[in-house]
Novice: 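A single structure is presented below for examination.
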Amino acid sequence: MKKINILNLYGEALDLNGDGKNITAFEKRLSEMGYEYETKTLGVGDEIDLSDFDIVFMTHGKPHNVSAISEHFIKYKDNILEYIESGKTFVATGSSNMLFGKKFKMLDGETYKGIGLFDCTAKEFDGLYVSDAVLVPEFAPEEKMFGIYYRCESVKFDSPNENRLFKVLKADEGKGSIGEGEGCRYKNLFATWCLGPMLVRNPVIMREVLHSVLGENYRETDFSLEEKAVKMTIEELL
C-alpha cells in the first residue's frame, strides 16, 4: 500500500489556535485505514517542491506571520499553482487564505502580494471577529458542520465567488463577518477561514479530504463519536 506524503507548509510560523491538529486528525484516520504516512515541515529558508506530496496543509497564523512568509510563498507561485491545477489536495485554513488572493493589506499600510488564484483582496482591521458558525458544505448540501471564525481580516471579492466552499447557515454579524458564503473549493484545494480545527470536528469534510487524496482506495473508519458530537453542537447553536 502506498505511503502518503504530507507537507505541513510553514507549520512553525502558522500553527495558531491549535489548527495544526487538522494534520494530526488526518494522520490518525490514515493510520486507522492501514496507510503508512510521512509528514514533513517546510518553511522560510527551505526550497519548496510540492511534486512529491499527496496533501499539503497550511494553517492559521497571526497576520504579521502571514506577511512575513508571503515573499517566500510568492517565489514558488508556479510550483504551487501547478500542484493545485494537477488536482492534488491542498488544505488552507484561517489567515493563510490571504496568500491565495491578489493582495492583502496590513494595519501599518504595507501591501503584500498573493498568488492570484482567487479574485479577492484582504485587509487587516483593528479588532477581532469571533463567532461559532453552522455551515452547509457545497459538496454535501444535505449535511451540516460546525466551525469557528477568529480573525482580524476582511475579504472582498471583485466578482461573485463561484468556487464557494460553504453556505453559512448561522454566524454572528459584525466587523469582519463572513456573510452568506465562505471559503473556496477549486479542484482539490479546500481554502477556508473556518477553524475548529474543522477536520477534527466534522466527519463530512474529513471524508471529502480523504477521498480527494485516496480516491477509490478510501476505507471507511469509525466516525460515530464525532458525528454525535457535531450533531449535539449544531442543535445547540440552532
Side-chain angles (χ1 to χ4, degrees), residues 2-11 13-14 19 22-23 26 30 35 37-44 46-61 66-67 69-104 112-122 137-141 155-167 181-194 198-199 204-218:
K2 177 188 175 184
K3 182 174 72 175
I4 305 301
N5 292 309
I6 304 166
L7 176 59
N8 183 7
L9 187 55
Y10 304 113
L14 296 182
D19 223 43
N22 281 316
I23 303 172
F26 185 81
L30 288 177
Y35 281 93
Y37 62 85
E38 182 178 353
T39 302
K40 188 173 184 179
T41 300
L42 295 176
V44 175
D46 295 318
E47 184 176 348
I48 305 298
D49 182 359
L50 304 184
S51 58
D52 291 333
F53 293 99
D54 300 292
I55 182 169
V56 178
F57 285 93
M58 283 182 66
T59 60
H60 179 62
V66 179
S67 64
I69 66 175
S70 62
E71 184 178 355
H72 187 261
F73 189 75
I74 288 290
K75 180 180 177 181
Y76 297 98
K77 172 182 175 179
D78 291 343
N79 184 257
I80 294 164
L81 291 175
E82 181 182 359
Y83 178 91
I84 293 169
E85 292 290 346
S86 73
K88 286 190 172 183
T89 306
F90 201 126
V91 178
T93 61
S95 56
S96 66
N97 277 255
M98 295 193 294
L99 295 166
F100 294 87
K102 295 190 295 187
K103 60 183 179 180
F104 58 96
Y112 301 86
K113 291 182 179 180
I115 61 173
L117 180 62
F118 299 122
D119 191 23
C120 64
T121 56
E138 293 288 352
F139 57 83
V155 181
K156 180 180 178 182
F157 279 82
D158 293 342
S159 55
N161 179 11
E162 297 179 353
N163 300 292
R164 190 173 74 177
L165 180 58
F166 301 124
K167 175 184 177 182
E182 189 274 323
C184 293
R185 168 79 183 271
Y186 178 70
K187 297 191 175 182
N188 285 319
L189 166 66
F190 300 82
T192 175
W193 289 83
C194 179
M198 65 172 184
L199 296 188
V204 61
I205 192 164
M206 173 64 92
R207 286 190 179 102
E208 186 75 4
V209 171
L210 285 164
H211 271 293
S212 72
V213 176
L214 303 175
E216 62 183 14
N217 295 316
Y218 171 84

Novice: Report the residues that fulfil side-chain contact (heavy atoms from CB on, under 4.5 Å) with Asp158, sequence neighbours left out, ordered by chain and then residue number.
Specialist: Lys102, Asp119

Novice: Among residues at least two apart in sequence or on other chains, which ones pass side-chain contact (heavy atoms from CB on, under 4.5 Å) with Lys167?
Specialist: Val136, Glu138, Arg164

Novice: To the nearest 0.5 Å, tell me how far Thr39 OG1 sits from Asn5 CG.
Specialist: 9.0 Å

Novice: Quick one: side-chain contact (heavy atoms from CB on, under 4.5 Å) partners of Ser70, sequence neighbours excluded?
Specialist: Leu99, Phe104, Tyr112

Novice: Just to verify, what does Phe166 make a ring-ring contact (aromatic ring centres under 6.0 Å, His included) with, not counting sequence neighbours?
Specialist: none

Novice: Applying the side-chain contact (heavy atoms from CB on, under 4.5 Å) criterion to Leu117, which one of Ile84, Asn163, Ile80 satisfies it?
Specialist: Ile84

Novice: Report yes if the side chains of Ser95 and Val66 come closer than 4.5 Å at any heavy-atom pair, otherwise no.
Specialist: yes

Novice: When Phe26 is tested against each of Tyr37, Phe57, Tyr35 for ring-ring contact (aromatic ring centres under 6.0 Å, His included), which residue passes?
Specialist: Phe57

Novice: Quick one: do Val56 and Thr89 satisfy side-chain contact (heavy atoms from CB on, under 4.5 Å)? Show the steps, please.
Specialist: CA-CA 7 Å; Val56 178; Thr89 306; over 6 Å; no

Novice: If we only count heavy atoms from C-beta on, is the Asn97 to Val155 side-chain gap below 4.5 Å?
Specialist: no

Novice: Only counting residues at least two apart or in another chain, list the ones meeting ring-ring contact (aromatic ring centres under 6.0 Å, His included) with Tyr218.
Specialist: His211

Novice: Would the distance check show the side chain of Asn79 and the main-chain N or O of Leu50 forming a donor-acceptor pair, the cut-off being under 3.5 Å?
Specialist: yes

Novice: How many angstroms lie between atom NE2 of His72 and atom CG of Leu9, to the nearest 0.5 angstrom?
Specialist: 8.5 Å

Novice: Can you confirm if the aromatic rings of Tyr76 and Tyr83 lie within a centre distance of less than 6.0 Å?
Specialist: no

Novice: Identify the two heavy atoms, one from Gly114 and one from Ile74, that lie closest to each other, and give their separation to 0.1 Å.
Specialist: O-CD1, 3.1 Å

Novice: Roughly how far, to the nearest 0.5 Å, is NZ of Lys103 from CE of Met98?
Specialist: 14.0 Å

Novice: So among Thr59, Asp19, Asn22, which one has a side chain to side chain donor-acceptor pair (under 3.5 Å) with Thr93?
Specialist: Asp19

Novice: Under a 4.5 Å cut-off applied to non-hydrogen side-chain atoms, are Phe139 and Leu165 in contact?
Specialist: yes

Novice: CG/Leu199 to CD1/Ile23 distance, rounded to the nearest 0.5 angstrom?
Specialist: 9.5 Å

Novice: Kindly indicate, with the supporting measurements, whether the criterion side-chain contact (heavy atoms from CB on, under 4.5 Å) is fulfilled by Lys187 and Phe90.
Specialist: CA-CA 9 Å; Lys187 297 191 175 182; Phe90 201 126; over 6 Å; no

Novice: State whether Asp54 and Lys2 are salt-bridged, where the test is any N-O pair (Lys NZ or Arg NE/NH1/NH2 against Asp/Glu carboxylate O) under 4.0 Å.
Specialist: yes

Novice: If we only count heavy atoms from C-beta on, is the Pro137 to Phe190 side-chain gap below 4.5 Å?
Specialist: no

Novice: Take atom NZ of Lys75 as the centre, draw a 6.0 Å sphere, and report whether it contains more than 12 heavy atoms from other residues, nucleotides or ligands.
Specialist: no

Novice: Tell me if a side-chain donor or acceptor on Asn188 pairs with a main-chain N or O of Lys88 at a distance below 3.5 Å.
Specialist: no

Novice: Could you go through the side-chain contact (heavy atoms from CB on, under 4.5 Å) check for Lys40 and Ile6 one step at a time?
Specialist: CA-CA 6 Å; Lys40 188 173 184 179; Ile6 304 166; over 6 Å; no

Novice: Apply side-chain contact (heavy atoms from CB on, under 4.5 Å) to Glu82 and list each qualifying residue two or more places apart in sequence or on a separate chain.
Specialist: none

Novice: In the structure I gave you, are the side-chain heavy atoms of Phe73 and Ile48 within less than 4.5 Å of one another anywhere?
Specialist: no

Novice: For Leu42 and Asn8, run side-chain contact (heavy atoms from CB on, under 4.5 Å): C-alpha distance rounded to whole Å, both residues' side-chain angles, the deciding distance at 0.1 Å, then the answer.
Specialist: CA-CA 7 Å; Leu42 295 176; Asn8 183 7; over 6 Å; no

Novice: Does any N or O in the side chain of Glu182 come within less than 3.5 Å of the main-chain N or O of Trp193, such that one atom is a donor and the other an acceptor?
Specialist: yes

Novice: For the pair Tyr186 and Glu85, evaluate side-chain hydrogen bond (donor to acceptor under 3.5 Å, both in side chains) and give the outcome as yes or no after the intermediate values.
Specialist: CA-CA 9 Å; Tyr186 178 70; Glu85 292 290 346; 2.8 Å; yes

